[in-house]
Amino acid sequence: MTLHIVNKSPFETNSLETCLRLARSGHCVLLFEDGVYGASKGTRFEALLTEAMQNCKIHVLLPDFEARGMKADNLIAGIETVDYLGFVDLVTASERVQSWL
Amino acid sequence: MASIDVNGKSVEVDEEGYLVNLSEWTQDAAKILSAQDELELTDNHWEVINFLREYYDEYQIAPAVRVLTKAIGKKLGPEKGNSKYLYELFPYGPAKQACRFAGLPKPTGCV
Amino acid sequence: MEEGGGVTKKFLYVNRKAPYGSIYALESLEVVLIGAAFEQDVSLAFIDDGVYQLKKNQSTDGIGMKNFSPTYNALGDYDINKIYVDKDSLEQRGLSLDDLMNLTYEDENDNYAEKPSISLVNSEELAALMEQQDVVLSF
């Protein structure tokens, strides 16, 4: 399994879009730092994320999400939260980590 | 910053003796730099130095020694495109030392 | 297995930034050249604005920066000849293969015939390529 990590807001760069275009079925995506904005409900990326979740699991780093004034109930349904240890677990469970700068 | 004197003109070099400005290179600068290493430049040396300068001009990098050896072999023949020949000419390393004489930066990846 | 007993791994460098607005492109190129000394199985991918790195006719005289685009032509000398360009990214930018530098390598197994290094790939091919890698380095 590949873990894709995205740390840029989808409004700033197309990293998230390209990541989701190239992630394969069964891969995991983790949104962190400014990448967490992509996980919140009601943005123009919600449909893209929802569609991606049919094949991939999407996680968000909760401390980064909360730091930016959002709570778990602002998340798009289906996105899972992880803490820093959960991030490490995802990395160790992956064959490779691909970052989308 | 250190410098060398080339026919009365001061030319800046870095702490390892590489020219700071490529454009200040002259054949006389190469002779002075090689004299510092107690090496007298022969036609065989010049062949390599000129090759390096052409390579840099085309690709904007100093080639790694493996690439240099292969490219010299292709251009000047197998009797010159081998590390024994090149190390005899440039005992401190054909890429490192010859690049210094050629006024180029140290090859990318050399320590 | 490599001569000397080292294991050869598959490395993919993913380039997604345009060349002069940030340092990513130049840094990536330097890492690729330095890494070439380790004789691994190296591929390069150019996606999104990264495709601009390979644009023909770059000329930096007016901006006081070094034009490092000629260095991509040296990659063949460094035995780096698998260069994949994302077709979608290219088309979105109104570019085609003809707008890119003609990067080539000499095939040692085919009497040193000169061959193109760049392949255009679609999303599916690119995704498959990424999944084959041991290490993916992003720039």
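Lettering of chains follows the sequences in order, A, B, ..., and the numbering in each one begins at 1. All values below were derived from every heavy atom in this structure, side-chain atoms included, with hydrogens, water molecules and symmetry-related copies excluded.
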S.K.: Look at atom NZ of C:Lys9 and say whether more than 12 heavy atoms of other residues, nucleotides or ligands are closer to it than 6.0 Å.
M.R.: no
S.K.: Please output the residues of residues 57-75 of chain C in contact with chain B, using a heavy-atom cutoff of under 4.5 Å, in numerical order.
M.R.: C:Lys66, C:Asn67, C:Pro70, C:Thr71, C:Asn73, C:Ala74
S.K.: With a 4.5 Å heavy-atom cut-off (strictly below), which parts of residues 24-49 of chain B touch chain C? List them by number.
M.R.: none
S.K.: Atom NZ of residue position B:Lys74 - does it have more than 12 heavy atoms of other residues, nucleotides or ligands inside 6.0 Å?
M.R.: no
S.K.: Using heavy atoms and a sub-4.5 Å threshold, report which of residues 53-71 of chain B line up against chain C, by residue number.
M.R.: B:Tyr55, B:Tyr56, B:Glu58, B:Tyr59, B:Gln60, B:Ile61, B:Ala62, B:Pro63, B:Ala64, B:Arg66, B:Val67, B:Lys70
S.K.: Which of residues 78-106 of chain C have a heavy atom under 4.5 Å from any heavy atom of chain B?
M.R.: C:Tyr78, C:Asp79, C:Glu106
